[in-house]
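Counting from 1, the numbers follow the sequence of the chain as shown. What you are looking at is a predicted structure, and each value in this text was computed from that prediction instead of being measured.
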Amino acid sequence: MSTPSGFDELIHPSTRLSVVALLAATEWAGFPFIRDSLSLSDSALSKQLHTLEEAGYLEIHKEGGGRKRRTKVRLTARGRTAFEGHVAALRAIVEGAGPAAAPAPAPEAAAATAADSQQPHHHAKAGR
């Protein structure tokens with residue numbers, strides 16, 4: 001099976017995929033929100049954000065200084081396009097693998113179920 005169009009090796013690792021998915025649902029997100037939502041350390045998140053920013057997938061905005069420094073992050077148009085393409089590629093992989101649902105009932109079981117639904121149901125009355 002070949003890799004579907006849109007599959008993005010940069011986004012695919014679970015931590016980066018989680019970051020991009022979280023950012024896809026919002027315009028801007030603060031560093032503490034992303035860190036806490038994904039249960040990451042500051043250093044682990046910083047590393048992933050830097051990698052995604054270098055690829056042009058994120059915009060990082062820092063304001064203030066010292067202990068009051070605030071970092072906000074958002075997906076760029078390129079990042080959003082890459083994420084949507086990656087999600088579509090993952091869906092194509094899953095759909096190509098066949099149905100993941102429970103197997104269909106055997107024909108005899110399906111016929112019995114259909115017959116049961118045709119029978120009138122009588123309800124027992126409570127004792128007096």
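- The closest donor-acceptor contact from the side chain of R16 to the backbone of L10 lies under 3.5 Å.
- To the nearest 0.5 angstrom, L22 atom CG is 5.5 Å from L38 atom CG.
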Side chain to side chain contact (heavy atoms under 4.5 Å, CB included) assessment of F33 paired with T26: CA-CA 12 Å; F33 173 77; T26 186; 5.8 Å; no

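- Taken to the nearest 0.5 Å, the CG atom of L52 stands 12.0 Å off from the CZ atom of F83.
- What you find for T15 and Q48 is that their closest heavy atoms are CG2-CG, 3.6 Å.
- Note: I11 CD1 to T51 OG1 = 12.5 Å, rounded to the nearest 0.5 Å.
- Between R69 and E63, none of the side-chain N atoms (NZ, or NE/NH1/NH2) sits under 4.0 Å from a carboxylate O, so this pair counts as no salt bridge.
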Working for side chain to side chain contact (heavy atoms under 4.5 Å, CB included), residues H61 and W28: CA-CA 10 Å; H61 179 72; W28 287 93; 3.9 Å; yes

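- Note: L90 CG to E95 CD = 11.0 Å, rounded to the nearest 0.5 Å.
- Scanning all heavy atoms of the two residues, the minimum distance from A44 to S41 falls at N-OG, 3.1 Å.
- Remark: side-chain polar atoms of T71 are not paired, donor with acceptor, to backbone N or O of K62 under 3.5 angstrom.
- Note that CZ of R35 is 9.5 Å distant from OG of S46, once rounded to the nearest 0.5 Å.
- By the 30° and 60° cut-offs, the orientation of the rings of H86 relative to H12 is perpendicular.
- Between the OG atom in S37 and the CG atom in L45 there is a gap of 10.0 Å [rounded to 0.5 Å].
- Side chain of R80 to backbone of A24: a donor-acceptor contact under 3.5 angstrom is found.
- Contact annotation: the side chain of Y57 approaches that of D8 to within less than 4.5 Å [non-hydrogen atoms, C-beta and beyond].
- Contact detail for P4 and A89: the closest heavy-atom pair is CG-O, 3.6 Å.
- Within 6.0 Å of the CD atom in E9, the count of heavy atoms belonging to other residues, nucleotides or ligands does not exceed 12.
- Within the 4.5 Å cutoff, no side-chain heavy atoms of F31 are placed close to those of K72.
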CA sep, side-chain torsions, deciding dist, call: T76, L58, side chain to side chain contact (heavy atoms under 4.5 Å, CB included): CA-CA 5 Å; T76 61; L58 299 182; 5.5 Å; no

